[in-house]
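Worksheet for the structure shown next.
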Amino acid sequence: MRKYLFCVIVLLLCYGNTFSQELNKISEPVFKVGEKLSYKMKYGIFTAAEANIRVEGSDKKFEGQPAFHLIAEGKTAGSFDVFYKVRNKYESYVNENTLEPYFYTENRREGKWKHSDNVTFDHKDNKVTANKGVYQFKGKTFDFVSAYYFARTIDVSKMKVGEKFELQYFLEDGFHSMGITYVGTEVVSCSMGKFNCLKFNPTIIPGRIFRKDSKLYLWITNDGNRIPVKAHVEVILGSITMDLQGATGLKYPLNPIKN
């Protein structure tokens, strides 16, 4: 179980935005350089992992264009860190206008297992070059990190309850598709307060983490920032909850509901 905990927290952050492929993108990003979000993930009453995602400026240029440097880091915590240490880092350089990725890199250490990859995206010729080869794709495609930030810029104002959409991303030598259903609006509480949120129900593939009937729900602020504040997923033994612990450098004010 411990082996897969950080994989789950990455899924929680990214799954909830997978409706973006077929909706219209707003005119500008909803985030800015300096934004940092931090999360804790609990397995039952125990803190299992911590993660932070942030936006930095970049001195590097790709195809003569400036880029955002997007970074996601995660690690196990508490007793989970004693028995199975995880230290993972994912980075993506994306076009500041389209938010499509130029370059993605990951460095993962999970127990004694280590994995790294460097991925270059060629959107003109629709191919990805990774450590293990070259892969062709059709349509828009992203990496895990850029998918999350791209999805936040989508205009969801016309979504109807029950609508389902998909987003394609590249990970571990292959392309994957994620789908999610819009559930509606809901008020939800997290460590930073109570917020008006959009609620989503992503599709889960049953296996070593999830049961056949497992449900995953994610709540995103219904404001200009569109940040995840909470997620809950059922696993084979118990459940896992992700909770927003900190949010700084936001482009728009974060407005919790006052009691």
Side-chain angles (χ1 to χ4, degrees), residues 1-16 36-54 56 69-93 101 103-121 128-135 141-149 168-178 202-212 214 216 218 228 231-246:
M1 178 66 190
R2 298 184 184 95
K3 182 175 181 179
Y4 303 101
L5 282 174
F6 187 67
C7 294
V8 174
I9 200 169
V10 174
L11 290 174
L12 292 176
L13 285 171
C14 296
Y15 260 132
K36 182 177 180 180
L37 307 175
S38 58
Y39 295 88
K40 281 190 178 180
M41 187 173 67
K42 289 191 174 183
Y43 178 54
I45 63 172
F46 302 101
T47 298
E50 299 173 349
N52 69 76
I53 53 178
R54 63 186 186 273
E56 295 184 354
H69 184 193
L70 312 176
I71 304 168
E73 295 179 287
K75 62 180 181 179
T76 44
S79 60
F80 290 87
D81 198 49
V82 174
F83 292 104
Y84 196 88
K85 188 182 294 293
V86 171
R87 296 291 185 273
N88 291 348
K89 186 174 184 178
Y90 308 82
E91 299 178 73
S92 183
Y93 292 85
F103 181 74
Y104 166 79
T105 182
E106 65 175 50
N107 289 282
R108 298 160 60 188
R109 179 164 65 89
E110 301 171 8
K112 295 182 179 180
W113 179 80
K114 295 181 180 180
H115 175 79
S116 63
D117 202 0
N118 295 290
V119 183
T120 301
F121 290 81
V128 163
T129 303
N131 286 0
K132 292 186 178 181
V134 178
Y135 307 81
T141 194
F142 301 88
D143 55 69
F144 244 7
V145 184
S146 62
Y148 163 71
Y149 283 96
Q168 180 177 243
Y169 66 96
F170 180 87
L171 183 70
E172 293 185 353
D173 310 315
F175 295 98
H176 308 269
S177 181
M178 297 186 291
T203 301
I204 293 178
I205 300 175
R208 299 179 70 177
I209 305 175
F210 306 115
R211 304 192 308 265
K212 184 177 180 180
S214 290
L216 168 59
L218 187 140
H232 181 82
V233 61
E234 299 167 340
V235 293
I236 291 176
L237 294 175
S239 63
I240 295 174
T241 300
M242 185 187 76
D243 184 84
L244 178 67
Q245 299 288 306

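Keep in mind that this is a model prediction, so the values were computed, not measured.
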Separation of [Y] [atom2] from [X] [atom1] (nearest 0.5 Å):
X	Y	atom1	atom2	answer
Lys132	Asp117	NZ	CG	8.0 Å
Ser116	Glu106	OG	CD	8.0 Å
Lys40	Leu244	NZ	CG	12.0 Å
Thr141	Tyr169	OG1	OH	10.0 Å
Glu50	Asp81	CD	CG	9.0 Å
Lys85	Arg109	NZ	CZ	6.5 Å

Residues forming a salt bridge (Lys or Arg N to Asp or Glu O under 4.0 Å) with Lys36, sequence neighbours excluded
none

Side chain proximity check, [X] to [Y], heavy atoms < 4.5 angstrom:
X	Y	result
Glu110	Asn88	yes
Ser92	Phe142	no
Asp143	Leu171	no
Phe103	Glu91	no
Val128	Tyr104	no
Asp243	Lys42	no
Arg87	Thr76	yes

Report the C-alpha separation of Tyr135 and Phe170 in whole Å, then their side-chain angles, then the decisive distance to 0.1 Å, and conclude whether the ring pair (Phe, Tyr, Trp, His ring centres under 6.0 Å) test is met.
CA-CA 9 Å; Tyr135 307 81; Phe170 180 87; 5.3 Å; yes

Please name the pair of heavy atoms, one in Ser146 and one in Leu70, separated by the smallest distance, quoted to 0.1 Å.
CA-CD1, 4.2 Å

For a quick test of reading the model, state the closest non-hydrogen atom pair linking Ala48 to Phe80 and the distance between them.
CA-CD1, 3.5 Å

Given 3.5 Å as the limit, does a donor-acceptor pair link the side chain of [X] with the main chain of [Y], or not?
X	Y	result
Tyr39	Pro228	yes
Thr47	Ala77	no
Asn107	Lys89	no
Asn118	Thr105	no

Side-chain ion pair, Glu73 and Lys75, N-O less than 4.0 Å:
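Salt bridge absent between Glu73 and Lys75.
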
Does the pair Tyr149 and Ile53 meet the rule for a side-chain contact (heavy atoms from CB on, under 4.5 Å), with working shown?
CA-CA 10 Å; Tyr149 283 96; Ile53 53 178; 3.8 Å; yes

Report, as yes or no, whether the 6.0 Å neighbourhood of atom CZ on Phe46 holds more than 12 heavy atoms from other residues, nucleotides or ligands.
no

Classify the ring geometry of Tyr93 against His69: parallel below 30°, tilted from 30° to 60°, perpendicular beyond 60°.
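Tyr93 and His69: parallel rings.
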
